[in-house]
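Each remark here refers to the structure printed beneath this line.
FYI, side chains are in, hydrogens and waters are out, and symmetry mates aren't considered; it's all heavy atoms of this structure. Residue numbers start from 1 in every chain, and the chains themselves are labelled A, B, ... in the order their sequence lines are given, proteins ahead of strands.
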2 protein chains.
Amino acid sequence: MARRSQTETAVLGGLSMHPMTAYALREAIRDVLGHFWSESFGQIYPTLNALEQQGHVERREGPRSGSSTFVITESGTARLRELLSEPITAAPPRNGLLLRLFFGRVLGAEKCRELLLEAKADAERSLAEYDHLARTLSAEEEGSADLPYVLMTVSAGRHDAEGVLAWIGEALALLGDAPANDAPANGES
Amino acid sequence: MARRSQTETAVLGGLSMHPMTAYALREAIRDVLGHFWSESFGQIYPTLNALEQQGHVERREGPRSGSSTFVITESGTARLRELLSEPITAAPPRNGLLLRLFFGRVLGAEKCRELLLEAKADAERSLAEYDHLARTLSAEEEGSADLPYVLMTVSAGRHDAEGVLAWIGEALALLGDAPANDAPANGES
DNA sequence: TCCGCCATGTAACCTGTTACATGATTTT
DNA sequence: AAAATCATGTAACAGGTTACATGGCGGA
């Protein structure tokens, strides 16, 4: 089995967009793939060394003394294509919010409501970020062949956040929310 | 400290509903919390032993020779309440589908479309399961104080699946799929 | 009788995060 | 000159899965 399962994919994928240092790669992953992926230095550096030894990336002079810019090779691109074609290994689900709500009788309705309101604020913040991101990317990367794919992932985030918001409305209703500041009830159920 | 394990929470939570063996606990987690949580034997057994030593659960005669039924104690319930009140430790995001789509230019539009159609089928299957689950639970657990909380988590699953379906429609459009063979745009059902 | 499920546990093995150690370069 | 940022890497540890080892019990 693949040792560094999907880290290899993320690293090669990042370098497939343009060459960069390990440090920049991590920043790119954090800033651009952040809503759906993450990697830490502790994974990135060893993975890059392994990929270099396999000839999938090459080390070039970096922007500073002692730093290296990594460039993906032909074989690296082939390897990436291979990795992207492998079946998706889904992480076992672990949703801390739902775990708490499931045992809501023990936690208490009031705390549950608080959790839901927090989650609502988070989702709203995310939504705004996705909108901003979509606009920025559409402008900056206009015409790029990558753009539709990138926008697809942003769209996933938006729909997810919207789904969460819709759910929270329903969940608060299940908790028997009373406050009169709420929106009118919807017709169907 | 490093992020705490929520296994303790899940185990105490499970036992808070009713006493059972470690084996049954794992089955319950798989079958009932399955859409948003998972635990393996390798976690459950050591956790139960630790909880027993702390006096949070007690070991009783099990349904078979050599088996034990675990019962949550007063202090166990208090501990559970405490754990449920702790801040949620979110797992770093890792969505293998979005990772593949992001690098879709390398993978190729055709493969991307296939991935999306697979995901669509999954989401539709999930949706049906959630609907079935909601109906079954509403009937079986009618009047239970746990019911609204349980339904809340099912509702989360449903909204998530719906969000995925909505997203997939948009994503396929971004891929430049053929005309409107689908019926995506019109009102929610 | 034999198979499959209930039941308990452990050990090996990954995968991945965090903290640490180190230093160069840019900015203030 | 000090502080922030860029940059590289390692070691320790946490959290978790899988495979294995073991055995009782019920039904075909």
Side-chain angles (χ1 to χ4, degrees), chain A residues 1-11 14-15 19-31 33-34 36-53 57 59-70 83 88-96 99, chain B residues 1-11 14-15 19-31 33-34 37-53 57 59-70 83 86 88-96 99:
Chain A
M1 292 295 276
R3 317 197 125 200
R4 310 205 187 268
S5 68
Q6 312 199 87
T7 296
E8 208 184 335
T9 316
V11 165
L15 294 180
M20 51 190 140
T21 66
Y23 186 89
L25 183 55
R26 193 266 192 155
E27 289 211 312
I29 290 173
R30 199 228 292 126
D31 297 341
L33 315 189
F36 63 88
W37 206 260
S38 74
E39 295 291 348
S40 61
F41 285 132
Q43 294 280 101
I44 289 176
Y45 282 103
T47 298
L48 278 171
N49 286 329
L51 286 171
E52 189 192 11
Q53 295 211 310
V57 304
R59 194 185 289 259
R60 301 273 165 81
E61 278 295 291
R64 296 183 177 201
S65 81
S67 78
S68 321
T69 292
F70 290 92
L83 287 169
I88 296 170
T89 61
R94 252 143 186 253
N95 185 320
L99 186 68
Chain B
M1 286 299 288
R3 47 148 134 313
R4 17 177 342 76
S5 166
Q6 304 181 86
T7 296
E8 207 184 336
T9 316
V11 165
L15 294 179
M20 52 190 140
T21 65
Y23 186 89
L25 183 55
R26 191 264 193 158
E27 289 210 313
I29 290 173
R30 198 225 296 124
D31 297 341
L33 314 189
W37 205 259
S38 75
E39 293 292 348
S40 62
F41 284 132
Q43 294 279 102
I44 289 176
Y45 282 102
T47 299
L48 278 170
N49 285 329
L51 286 171
E52 190 192 10
Q53 296 211 310
V57 304
R59 194 185 288 259
R60 301 273 164 81
E61 277 295 293
R64 297 188 176 195
S65 79
S67 77
S68 321
T69 293
F70 290 91
L83 287 169
E86 280 185 4
I88 296 171
T89 60
R94 260 161 173 234
N95 185 320
L99 185 67

Both B:Phe70 and B:Arg94 contact DNA chain C. Which one's nearest nucleotide lies toward the 5' end? B:Phe70

Given B:Arg94, which of A:Thr7, A:Leu33, A:Thr89 fulfils the side-chain contact (heavy atoms from CB on, under 4.5 Å) condition? A:Thr7

Closest to the B:Pro63 side chain: D:dT8, C:dT8, C:dA7? C:dA7

Under 4.0 Å between a side-chain N or O of B:Ser5 and OP1 or OP2 of D:dG16? yes

Measure the distance from CZ on B:Arg30 to C1' on C:dC5 and round it to the nearest whole Å. 12 Å

Separation of D:dA19 atom P from B:Gln43 atom CD, nearest Å, is 16 Å

Which nucleotide wins on minimum distance to the side chain of B:Ser40, given the candidates D:dT8, C:dC5, D:dT17? D:dT17

Please state whether the phosphate of C:dG16, meaning OP1 or OP2, lies under 4.0 angstrom from any side-chain nitrogen or oxygen of A:Thr7. yes

Are A:Glu8 and A:Thr47 close enough, and set up right, to give a side-chain hydrogen bond (donor to acceptor under 3.5 Å, both in side chains), and what steps lead you there? CA-CA 6 Å; A:Glu8 208 184 335; A:Thr47 298; over 6 Å; no

Across the strands shown, which category fits B:Gly42 at heavy-atom distances under 4.0 angstrom: base, sugar-phosphate, nothing? base

Check the distance between D:dG16's P and B:Trp37's CH2 and give it to me in whole angstrom. 7 Å

Looking at A:Phe70, I'd like to know if the NZ or CZ of A:Arg60 sits under 6.0 Å from its six-membered ring centre while staying within 45 degrees of the ring's axis. no

Nearest-Å distance, CG (B:Leu48) to P (C:dG9)? 9 Å

Nearest listed nucleotide, side chain of A:Glu27, among D:dG16, C:dT8, D:dC6: D:dC6

Step by step, work out the side-chain hydrogen bond (donor to acceptor under 3.5 Å, both in side chains) result for A:Glu61 and A:Ser68. CA-CA 5 Å; A:Glu61 278 295 291; A:Ser68 321; over 6 Å; no

Can you check whether A:Tyr45 has a side-chain N or O nearer than 4.0 Å to OP1 or OP2 of D:dT8? yes

Over how many whole Å does the gap from A:Asp31 atom CG to D:dC6 atom P extend? 11 Å

Can you tell me the distance, in whole Å, between the CZ atom of A:Phe41 and the C1' atom of C:dT22? 14 Å

When the distance from OH of A:Tyr23 to P of C:dG23 is rounded to whole Å, what number comes out? 18 Å

When you get a sec, tell me which of D:dT18, D:dT8, C:dT8 is the closest nucleotide to the side chain of A:Ala22? D:dT8

Comparing nearest nucleotides in DNA chain C, the 5'-proximal residue of the pair B:Arg64, A:Ser38 is B:Arg64

Can you check whether A:Ile88 reaches B:Leu99 side chain to side chain, under 4.5 Å on heavy atoms? no

A:Arg26 side chain N/O closer than 4.0 Å to the phosphate oxygens (OP1, OP2) of D:dC6? no

Please work out if A:Ser65 contacts a base, only the sugar-phosphate, or nothing of the nucleic acid, heavy-atom cut-off 4.0 Å. sugar-phosphate

When the distance from CE of A:Met20 to P of D:dA7 is rounded to whole Å, what number comes out? 12 Å

